[in-house]
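What you see below is based on every heavy atom in this structure, not just the backbone, and it leaves out hydrogens, waters and symmetry mates. Chain letters run A, B, ... following the sequence lines, proteins first and then strands; every chain starts at 1. Remember, predicted model here, so these are calculated numbers, not experimental data.
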Amino acid sequence: MAGMNMISAAQRFHAYANPARFMALSARLLMPLAALTALLTGAGLWFALAASPPDYQQGETVRIMYVHVPSAWLAMMGYGVMAVASAVALIFRHPLADVCAKSAAPIGAAFTFLALLTGSLWGAPMWGTWWEWGDARLVSMLVLFFLYLGYMALWATIEEPVRAARAAAVLALVGSINLPVIRYSVVWWNTLHQPASVFRMDGPTIAPSMLLPLGLMGAGFTLLFVTLLLVRMRAEILRRRVRNLRLAQAGGAGEV
Amino acid sequence: MTRAFFALLARDLRLAVRLGGGGGMAVFFFLVVISLLPFGIGPDRELLAKVAPGMLWVALLLAALLTLDRLFQADYEDGSLDLLTMGLLPLELIVVAKALGHWLTTGLPLVVAAPLLGLMLNLPGEAYPPLILAMLAGTPALSFLGAIGAALTVGVRRGGLLASLLVMPFYVPVLIFGVGAADAATGGFAGEAGRQSLLLLGAVALASLVLGPLGGAAALRANLR
Amino acid sequence: MAEFFHMGGYALFVWPAYGAALLVAVALIWQSIADYRAQARLVETLEKAAGGRVRRAAHRQSGEDPS
């Protein structure tokens with residue numbers, strides 16, 4: 001009985017995983033998702049820039065937090081999506097999983113870059129310097145950025161898609177095992193060198209008035225990530241179809 | 001299986017000795033980088049002594065990165081890697097043999113050269129034992145983690161450069177704990193921090209002995225189909 | 001209004017942060033859509049150029065339903 005259930009569940013799972021089904025489903029989802037993204041981000045921006053008070057310690061610079069924290073969150077979530085999709089691709093040989101992993105990487109990298117940039121812009125008035133090695137979050141974000149770039153470079157250099165997908169999946173998984181170690185080592189290194197009180201990016205405590213803009217912006221950014229992921233996955237599926245069509249054409253020409 | 005393993009290791013060592021290149025080249029690179037350093041920051045002996053452990057570690061790391069493409073590339077090109085994968089030895093053990101060979105022919109010579117270069121940087125005497133110990137513990141991690149990068153890029157154009165870029169983030173903990181252990185004598189840290197970082201470095205090295213072969217074998221499987 | 005743009009003296013830091021976010025978001029959205037459109041056009045021209053036989057073969061290879 002349980003076995004039967006498992007089989008039918010697997011079949012259902014596979015049905016959604018079928019690229020044609022995915023194309024149909026994602027086409028219907030895209031517009032509502034984009035609209036919701038615009039709505040939430042718009043409302044978030046209103047509260048973040050105008051309808052929230054400045055912080056009693058950081059003044060108006062606290063508004064940078066409303067783009068910095070969601071970017072940093074997406075930078076990590078992007079790697080999470082990539083790592084899970086890579087695991088699924090390696091274990092279940094799922095046709096959509098490596099499309100998903102590949103498509104998530106550039107979005108994650110872009111948000112990591114944004115987190116670094118806004119972190120630097122936030123740090124400049126707070127620390128009096130554009131780059132502070134004493135902040136473990138910023139430094140680990142930099143290493144995460146390198147991991148993203150390496151992952152994308154590997155995809156770009158291996159020409160054959162199947163091979164590239166599997167190599168990239170191995171890299172993403174090894175990276176996900178290493179990330180906590182890197183993070184821990186950077187924190188440890190900081191405590192050695194920076195015992196003095198440094199302003200931390202998470203701030204002392206988050207006031208309730210900050211929660212609404214932060215939540216809205218976080219939700220808006222996350223939806224943006226999902227929408228972009230769908231668009232990029234669709235493009236990637238089409239790219240593979242183009243490749244197959246070209247191969248078929250070349251093969252057909254050979255036969256005639 | 002044990003015999004196959006040692007035969008492979010012995011073959012790699014013999015090849016390295018006969019053909020030269022790799023290890024000697026890495027040591028030469030190490031020497032050149034450390035010699036450039038005073039030109040960059042000036043001949044101030046106090047300053048040189050202060051940055052010496054960190055600079056020695058960074059230069060050693062770069063030298064190790066430089067030789068990563070030798071791990072699998074040559075065997076891939078002449079087809080012996082394909083033969084190896086068809087033999088008795090599991091792919092994981094092949095990676096162990098290769099990484100061990102890399103450490104013996106590259107990591108170890110670099111560790112031997114490091115104290116001599118330390119003299120050139122005016123590193124004080126009491127800093128040598130922790131530095132050598134830390135490097136002995138840390139260099140295997142460089143070889144085993146490097147094996148993953150080398151395996152990922154086997155058969156890829158300009159694979160060596162890409163392998164270094166892929167592996168560099170994984171070297172961050174090795175560098176931090178390695179310098180932490182070596183700095184204990186020269187820097188202002190108490191002995192406790194030095195001992196702690198040596199232990200952490202050992203833990204990273206042990207973990208890489210597991211992760212390297214597993215990841216390397218998975219990467220080879222992806223690339224050699 | 002001027003006060004709003006002044007950002008308590010931190011305008012130099014707050015506005016570039018939001019500007020960068022906007023720029024990155026717009027660039028990502030634009031690039032993703034442009035790539036999708038380019039691939040869709042390619043698929044269309046290739047399928048038109050090829051006969052039904054080739055199309056079916058291509059669909060079989062990519063594991064898709066030909067419908």
Restricting to non-hydrogen atoms, name the atom on [X] and the atom on [Y] that form the minimum distance, rounded to 0.1 Å.
X: L228(A); Y: S32(C); result: CD2-OG, 3.6 Å
X: A25(C); Y: L224(A); result: CB-CD2, 4.2 Å
X: V43(C); Y: L245(A); result: O-CD1, 4.1 Å

Q | Option that, when pairs with chain C are counted at under 4.5 Å, heavy atom only, ranks first among V67(A), T41(A), I64(A) | A |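 Of the candidates given, the most pairs with chain C belong to I64(A).
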**Q.** Most contacts with chain C, counted as non-hydrogen pairs under 4.5 angstrom, among L117(A), L114(A), I107(A)
**A.** L114(A)
Can you tell me how far apart [atom1] ([X]) and [atom2] ([Y]) are? Round to the nearest 0.5 Å.
X: I33(C); Y: L30(A); atom1: CD1; atom2: CG; value: 9.0 Å
X: T227(A); Y: L28(C); atom1: OG1; atom2: CG; value: 12.0 Å
X: L42(C); Y: R241(A); atom1: CG; atom2: CZ; value: 12.5 Å

Q) Is it the backbone or the side chain of L45(A) that comes under 4.5 Å from a heavy atom of chain C, or both, or neither? A) side chain
(Q) Using only atom types and a distance under 3.5 Å, with no angle test, would you say the side chain of Y18(C) pairs donor to acceptor with the backbone of R63(A)? (A)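 Looks like yes, one N/O pair under 3.5 Å.
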Q: Verify the distance criterion only: is there a donor paired with an acceptor across the side chains of R232(A) and Q31(C) at less than 3.5 Å?
A: yes
Q) Applying the side-chain contact (heavy atoms from CB on, under 4.5 Å) test to Q39(C), which of E236(A), R239(A), R240(A) qualifies? A) R239(A)
Q) Can you tell me if CH2 on W131(A) sees more than 12 non-hydrogen neighbours from other groups inside 6.0 Å? A) yes
Q: Mark yes when over 12 heavy atoms from residues, nucleotides or ligands other than E159(A) sit less than 6.0 Å from its CD; otherwise mark no.
A: no
(Q) Between V24(C) and chain A, with a heavy-atom cut-off of 4.5 Å, which part of the residue counts as in contact: side chain, backbone, both or neither? (A)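 Only the side chain of V24(C) comes within 4.5 Å of chain A.
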